[in-house]
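Okay, so here's the structure we're looking at.
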Amino acid sequence: MQFQLSDEHEMIQKMVRDFAKNEVEPTAAKRDETETYDPSIFRKMAELGLTGIPWPEDVGGIGSDYLAYVIAVEELSRVCASTGVTLSAHTSLASWPIYTFGTDEQKETYLRPLAEGQKIGAYALTESGSGSDAGGMKTTAVKAGSEYVLNGAKIFITNGGIADYYIVFAVTDQEASSRNTTAFIVEKETPGFSVGKKESKLGIRSSPTTEIRFEDCRIHERNRLGQEGEGFKIAMMTLDGGRNGIAAQAVGIAQGALDAAVDYAKERKQFGKPIIQQQGIAFKLADMATAIEASRLLTYQAAWLETKGLPYGKESAMSKLFAGDTAMKVTTEAVQIFGGYGYTKDYPVERYMRDAKITQIYEGTQEIQRLVISRKLLDM
Ligand code: COS
């Protein structure tokens, strides 16, 4: 066992930290306020190779691993959680299933441009009537010759509207159980595909979240991902890794809030001395730092397991559960340390607190993570 990052991981960490500081942080508050997605940031991430971190070079990636990927999401989220989730959904939710289940042709046609960052990816599972009960989806895909005709709508799609390719799950056999679901790669230009309502959100406001619709949307069978009926398993396996990306986002948000709180506590004086010299504040900071470190270790461990080809579903549910709760607690404490100033937009901690909340909800609520963990424990 060793707890040291390799030279390659340290190099990626430094590169993303510098990039985040210089290119992402300066506009983070403004983009949050105006709910604006900035495509130039994704383009710059592509130039640095961040859009294809874990994929081999022969499919357009940089040949690194899942640990490097979560480090990148963490460092981006430390200054801007919206940018963190843009990369996380693109990598874990869209590129991963193509890398894992795609044919050689699908990898060449879709994974390569995603990995190289010429295209953006998204994942479409949730519907208005099926959130936690993902198997209850109603979107259908009916076979017609060599095509499938998709009808229905998906909601809360991260990268909605900005994505070029969507991994879409639809019921292919309505007579069978709702599990009889199939996955498809849908291009945004496909007739019958459209982007619906854009959500106005509490946090991650510069990451677009939209509805997407399918009206007699014809998808050729060469764009079916995996086998017919294999979609629910693909959806679940994709989320196993995606959850660790969200854990990394939560670690980054919490670290960003702690950094701000430490700096503030060193400067701010009350009762004639810096507040950091007061035990109530110093101990709060100690608890925050300890919870963040534990979250980081869980997250890096799950990424390491995935890189080694070992089971990681339970561990990534644990990392998201613990890191998400930590992010919420730490950011709330950071606002408390800033006092009244923390409640204003003059400081970044209120943004961190708003951004943290979603890490307890998306890619499976904390309740779903407990379900996944307990089922693994009880072998159910
Ligand atoms: N990997 C591989 N296969 C999996 C799996 C996983 N992680 N999880 C479930 N499966 C398989 C099961 O093995 C089962 O296969 P069989 O039908 O061959 O036995 C099938 O999928 C159905 O599994 P299960 O019975 O556990 O399904 P449930 O309806 O009970 O749902 C939960 C399981 C609740 C865990 C699932 O619906 C879930 O994760 N919900 C949350 C969805 C979510 O995270 N949404 C956010 C979307 S992104 S913002």
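As the structure lists them, so they are numbered: ligands from 1, and atoms in each ligand from 1. Position 1 is the first residue of the sequence, and the numbers go up from there.
Under the side-chain hydrogen bond (donor to acceptor under 3.5 Å, both in side chains) criterion, the residue pairs touching residues 43-63 are E23-K44, with sequence neighbours excluded. Among residues at least two apart or in separate chains, side-chain hydrogen bond (donor to acceptor under 3.5 Å, both in side chains) pairs with a member in residues 254-265 are R78-D259, Q255-D259, Q255-R296, Y264-R268.
E10 places no side-chain N or O within 3.5 Å of a backbone atom of Q4 that could act as its donor or acceptor partner. Panel note: side chain N151, backbone D216; a donor-acceptor pair is recorded below 3.5 Å.
Under 3.5 Å, the side chains of R31 and T27 contain a donor-acceptor pair of N or O atoms. Side-chain N/O atoms of Q336 and K284 include no donor and acceptor closer than 3.5 Å.
Heavy-atom contacts of G131 reach the following atoms of ligand 1: 42 (C), 45 (N) (cutoff under 4.0 Å). Listed by number with element, the atoms of ligand 1 under 4.0 angstrom from any heavy atom of D240 are 1 (N), 6 (C), 7 (N). Residue I368 has at least one heavy-atom neighbour below 4.0 Å for each of these atoms of ligand 1: 34 (C), 39 (O), 41 (C).
In summary, E75 and R17 engage in a salt bridge, as defined by a charged side-chain N under 4.0 Å from a carboxylate O.
Among A134, G242, S316, S132, the residue whose heavy atom sits closest to atom 40 (N) of ligand 1 is S132. When K320, M237, M236 are checked for heavy-atom proximity to atom 38 (C) of ligand 1, M236 turns out nearest. Across R243, K376, E363, Q369, heavy-atom proximity to atom 39 (O) of ligand 1 is greatest for R243.
Contacts of L371 with ligand 1, taken as heavy-atom pairs under 4.0 Å, involve the side chain alone. Residue F232 touches ligand 1 through its side chain alone, judged by heavy-atom distances below 4.0 Å.
Ligand 1 has no nitrogen or oxygen under 3.5 angstrom from a nitrogen or oxygen of K233. On a distance-only criterion, T126 and ligand 1 share no N/O pair closer than 3.5 Å. By the 3.5 Å distance cut-off applied to N or O atoms, G364 is counted among the residues near ligand 1.
Two residues are said to be in side-chain contact when any heavy atoms from C-beta on lie closer than 4.5 Å; L285 and V262 meet this criterion.
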